[in-house]
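The structure appears below as C-alpha cells.
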Amino acid sequence: MQAFTVHKGIVAPLDRSNVDTDAIIPKQYLKSVKRTGFGPNAFDDWRYLDPGEPGMDHSQRRPNPDFVLNRPPYDQATILLARKNFGCGSSREHAVWALTDFGFRAVIAPSFADIFFSNSCKNGLLPVVLAEDEVQNLFEQVEANPGAQVEVNLEEMTVTAPDATVFRFTLDEDRRHRLLHGLDDIALTLQHADDIRAYEERLRQDRPWMVE
Amino acid sequence: MAGKTLYDKLWETHVVREEPDGSTLLYIDRHLVHEVTSPQAFEGLRLAGREPWRGDSVLAVPDHNVPTTNRDAGIEDPVSRTQVETLESNVSGFGLKFFPMADVRQGIVHVIGPEQGATLPGMTVVCGDSHTSTHGALGALAFGIGTSEVEHVLATQCLWQKKTKAMQIRVEGELRPGVTAKDIVLAIIGRIGTAGGTGYAIEFAGSAIRSLSIEGRMSICNMSIEAGARAGMVAVDEKTIEYVRNKPQAPTGEMFERAAEYWRTLVSDPDAEFDAVVELDAAEIAPQVSWGTSPEMVAPVDGRVPDPAAESDAVRAEGMQRALEYMDLQPGTPITEIRPDKVFIGSCTNSRIEDLRAAAEVVKGRRKADNIKLAMVVPGSGLVKQQAEQEGLDRIFLDAGFEWREPGCSMCLAMNADRLEPGERCASTSNRNFEGRQGQGGRTHLVSPALAAAAAVAGHFIEPSKLGG
C-alpha cells in the first residue's frame with residue numbers, strides 16, 4: 001500500500017451528500033478482474049454524456065462540461081471535497097480504486113460510510129472527517145479560488161485551508177500507523193498465527209459444530 | 001454491571017487478540033465469496049504465495065453476472081463470462097466449495113448461505129458484499145467487506161476490527177394487514193436516514209420483529225446497510241432453531257441439540273444497555289414506496305411525493321430537488337399516480353419462497369397491466385425456484401403475463417443483461433434506488449413483493465387490498 005504522510009494538492013468540490021459507490025464506479029466496470037484502470041470511469045454517469053461500457057475509447061466519449069472533474073483545474077485535483085455520508089452503498093473496493101486511479105490521495109467530508117472508510121484506509125486513500133461547518137468553509141474557499149491548494153497532514157492530523165486556517169481531524173491510531181508506513185496488513189496479522197491457531201483449538205473444544 | 005447485548009456476545013466469542021487501542025483480531029467462521037469482489041483477492045493471495053487459511057470456511061457462487069434466461073447458452077457478455085470463469089478457476093485452484101451456474105443450489109449468495117446451513121447462529125459471516133448483513137437474521141454477526149479484506153480473511157481467517165456501538169431498533173405491536181418486513185425496514189430507514197446507523201451494529205427487536213418468519217427477518221437485516229449499519233441482527237428464538245434444523249451444512253443429531261442449547265443464549269440480556277434505542281409502533285407502519293434516489297426517500301403508498309420547498313435543511317432540500325429531477329416526479333403527486341414501466345421481483349432482499357408466495361397471492365387470477373412492458377420474477381436460488389414450481393407459483397406468474405427466470409442478482413444491480421433503459425421506471429423489490437443502479441438513467445421505486453405485484457397488475461402503485469377484480 002502507498003504510504004500517506006503529507007499531501008498538498010488541488011481540491012475538487014463535489015457538492016453532494018450521500019455520494020454512493022454506484023455513482024463513484026458504475027456496475028458495468030466491476031466486471032474487471034484487475035485492481036487498476038478504473039480512473040477513466042470514476043463517476044462515469046456524471047462525467048460523460050454518453051453511456052459507458054467497459055473497453056470503450058474514452059477519448060471518443062462526450063464529457064459532461066458541467067461536471068466538476070471535467071472543469072480545469074479540477075481535472076488535476078488530488079483531494080476530493082464532498083458532503084456527508086460519502087461512499088454509502090455497496091462494499092465495492094473498486095470505488096476506492098477508481099478514485100486513486102483518477103489521482104485522488106484524500107477525500108474530505110463530514111462523514112463516510114463505514115465500509116468505504118475501511119476500504120480507503122487499505123489503499124492509501126485518506127478519508128478525512130471534518131465538522132460540517134469546516135467542510136462548508138472549505139467549499140466556500142475552494143469555490144472562490146478554483147485551483148486553491150489544501151494540505152492534508154496525517155502525521156499532525158491537520159488540514160490547512162487555502163487561507164492558512166488549520167482544521168484538526170482524528171483517525172484511530174492503528175489505521176494511522178498503517179497508513180503512515182504503508183504496511184501490508186496480512187503480513188502483520190500472520191505474525192499472530194499462533195494466536196489464531198490457539199483460538200481454533202478452543203473453538204474445536206467449545207463449539208465443534210462450527211469447524212467441519 | 002449491565003448485561004450483554006447480542007452483539008457483545010457475538011463479538012466476545014470471536015476475539016483472537018486485542019491490542020491496547022481496541023483494535024481486535026476477530027475470527028471469521030464463514031466466508032462467502034462471489035465473482036465480482038474476489039478476483040483481485042485471489043490474485044493477491046497467489047502473488048504473495050499464500051494459501052487459504054481454512055478453505056472449508058469458504059462457500060463460493062456466481063450470482064451477479066449470471067444470465068436469468070437461456071442458461072444452456074452460457075454467458076453471452078465476454079467480460080461477464082471471464083469474471084465467472086475466473087471464479088471457477090480460483091475455487092478449483094484452491095479446492096474451495098463452489099456451486100456452479102448449472103447446480104440447482106446456485107443462487108444469490110445471501111439466499112444460499114442460510115438455505116444451505118452454511119450460515120449458523122453464533123457465527124461471524126463475511127462476504128465481499130454489503131448485503132452480508134442479511135445473515136444476521138439468524139443471530140450471527142455478519143457484515144460486508146471490501147476486496148482487501150476478502151484477501152485478508154482468505155489468508156488469515158481473521159479481520160482487524162474495532163467494536164462499534166450497539167443500536168437497538170424496537171418495533172412493537174401488530175402490523176396492519178398487508179404490511180411486510182420490507183415495509184418495516186423501509187420505514188426504519190425513512191426514520192433514521194441512510195447514515196442513521198453508521199458506526200453501529202443494529203439489533204432489530206420487539207414483538208413485530210419476533211412475529212416475522214426468518215425470511216422476513218432476513219429482508220430487514222439485509223437493508224441494515226441502507227441505514228448505514230454494517231451489521232444487523234435478530235436474537236435467536238425457536239423459529240431460528242427450527243429454520244436451521246436439517247439444513248445441509250447444519251450439525252445433526254446430538255451435535256445439533258448441543259449447538260441449539262448454545263444458540264438459545266444468543267439473545268440480549270434483559271438488562272443489556274444499548275448506545276442508542278429507536279422505537280417504532282408497528283401499527284403506524286404503512287406499505288412503503290421510495291420516491292427518490294436514496295433509500296431514506298420513502299413515502300406511504302397512500303401518501304404523496306414530498307416538496308423540497310417544505311424542507312428547512314438546505315443541503316437536504318437540494319438533494320431532494322435533484323432526486324425529483326432524476327426521477328421525473330413533481331412534488332405533491334399522489335404515490336398511487338406513479339406508473340412503472342417494469343416490475344422486478346427478486347434480489348437478496350426479497351427473492352425467498354415467502355416473497356414469491358406473497359407476490360403470487362396478489363397476482364393470482366389477474367393480468368399484468370398493458371403499460372407494464374416487463375414484469376419479471378427472479379427466484380433467489382435454484383432451490384427456491386424448485387420449491388415455487390412445486391407450489392405452482394410459476395404458473396400463476398406466467399398466466400398473469402410475468403416472466404419466470406433463473407436465479408441471480410439480476411436487475412437489482414444490472415450487471416447481467418437484465419436492466420432498465422434510460423428513463424424507464426421500475427417497481428422493484430430490491431434494496432437500492434441510487435441513480436443508474438438498475439441501468440443508466442433508470443428510475444427505481446423500492447417496494448415489497450406484494451406492492452410490486454399489485455403495481456404490475458394495476459399499472460400504478462396501489463395497496464394490494466384495493467385491487468379490483
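Chain letters run A, B, ... following the sequence lines, proteins first, then strands; residues in each count from 1. Every heavy atom of this structure was used, including side-chain atoms; hydrogens, water molecules and symmetry mates were not.
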Decide whether a cation-pi geometry holds between A/Arg178 and B/Trp160; the criteria are a distance under 6.0 Å from NZ or CZ to the six-membered ring centre and an angle within 45° of the ring axis. yes
Check: A/Lys122 side chain, B/Glu149 main-chain N or O, donor-acceptor pair, under 3.5 Å: no
Under a 3.5 Å cutoff, is there a donor and acceptor pairing between the side chains of B/Trp53 and A/Glu200? yes
For A/Pro51 and B/Gln440, work out which heavy atoms get closest and say how close. CB-OE1, 2.9 Å
At a 4.5 Å cut-off on heavy atoms, which part of A/Arg202 comes close to chain B: side chain, backbone, both, or neither? side chain
How close do B/Glu435 and A/Arg16 get, heavy atom to heavy atom, and via which atoms? OE2-NH1, 3.6 Å
Tell me, for B/Asp77 versus chain A, whether the close heavy atoms (under 4.5 Å) come from the side chain, the backbone, both or neither. side chain
Please give me the minimum heavy-atom distance between A/Ser91 and B/Ser130, naming the atom from each residue. OG-N, 3.4 Å
Is B/Glu35 close to chain A through its backbone or its side chain, or both, or neither, when contacts mean heavy atoms under 4.5 Å? neither
Do A/Tyr199 and B/Gln157 meet the criterion of a side-chain donor-acceptor pair at a distance under 3.5 Å? no
Chain B contact via A/Ser111 - which portion, at a heavy-atom distance below 4.5 Å: neither
Of the non-hydrogen atoms in B/Ile145 and A/Ile115, which two are nearest, and what is the gap between them? C-CG2, 4.4 Å
What part of B/Ser80 gets within 4.5 angstrom of chain A, counting heavy atoms only: side chain, backbone, both, or neither? both
Just by distance, do the side chain of A/Asp22 and the backbone of B/Arg437 share a donor-acceptor pair under 3.5 Å? no
What part of B/Val15 lies closer than 4.5 angstrom to a heavy atom of chain A: side chain, backbone, both or neither? backbone
Contact check, side chains of B/Thr156 and A/His192, non-hydrogen atoms, under 4.5 Å: no
Looking at side-chain heavy atoms only, is the closest gap between A/His94 and B/Thr37 below 4.5 Å? yes
Do B/His152 and A/Thr189 touch side chain to side chain, with heavy atoms closer than 4.5 Å? yes
Side chain, backbone, both or neither: which part of B/Leu413 has an atom under 4.5 Å from a heavy atom of chain A? both
Compare all side-chain heavy atoms of A/Cys88 with those of B/Thr194 and state whether any distance is below 4.5 angstrom. no
State whether B/Asp129 and A/Arg92 are salt-bridged, where the test is any N-O pair (Lys NZ or Arg NE/NH1/NH2 against Asp/Glu carboxylate O) under 4.0 Å. no
Any Lys/Arg nitrogen of B/Arg230 or A/Asp114 sitting under 4.0 Å from an Asp/Glu carboxylate oxygen of the other? no
Just give me the residue among A/Asn123, A/Thr21, A/Asp185, A/Asp44 that pairs up with chain B most often, heavy atom to heavy atom, under 4.5 Å. A/Asp185
Does any non-hydrogen side-chain atom of B/Leu25 lie less than 4.5 Å from one of A/Ile196? yes
Minimal non-hydrogen separation, B/Arg258 against A/Asp206, with atom names: NH2-O, 3.6 Å
Nearest heavy-atom approach of A/Asn18 to B/Glu296 is ND2-OE2, 4.0 Å
Is any side-chain heavy atom of A/Asn85 closer than 4.5 Å to one of B/Thr198? yes
Check ion pair B/Asp313-A/Arg83 (N to O, under 4.0 angstrom): no
N-O pairing of A/Glu53 and B/Arg419 below 4.0 Å: yes
Could you tell me whether the side chain of B/Thr13 reaches within less than 4.5 Å of the side chain of A/Leu203, counting heavy atoms only? no
Evaluate salt bridge (charged side-chain N to carboxylate O under 4.0 Å, His left out) for B/Arg432 paired with A/Asp20, printing each intermediate quantity in order. CA-CA 10 Å; B/Arg432 292 195 172 126; A/Asp20 60 75; over 6 Å; no
Can you find a side-chain donor-acceptor pair between A/Trp97 and B/Gln40 that sits under 3.5 Å? no
For the pair A/Glu93 (side chain) and B/Ser148 (backbone), establish whether a donor and an acceptor sit closer than 3.5 Å, ignoring hydrogens and angles. yes
Chain A heavy atoms under 4.5 Å from B/His64: which part of the residue, side chain, backbone, both or neither? neither
Of A/Glu173, A/Lys34, A/Arg207, A/Gln28, the largest count of non-hydrogen pairs under 4.5 angstrom with chain B goes to A/Arg207
Donor-acceptor pair, A/Lys27 side chain versus B/Gly436 backbone, under 3.5 Å? yes
Is B/Glu85 in contact with chain A via its backbone, its side chain, both, or neither, using a 4.5 Å heavy-atom distance? neither
Report which part of A/Ala95 has an atom under 4.5 Å of a heavy atom belonging to chain B: side chain, backbone, both, or neither. neither
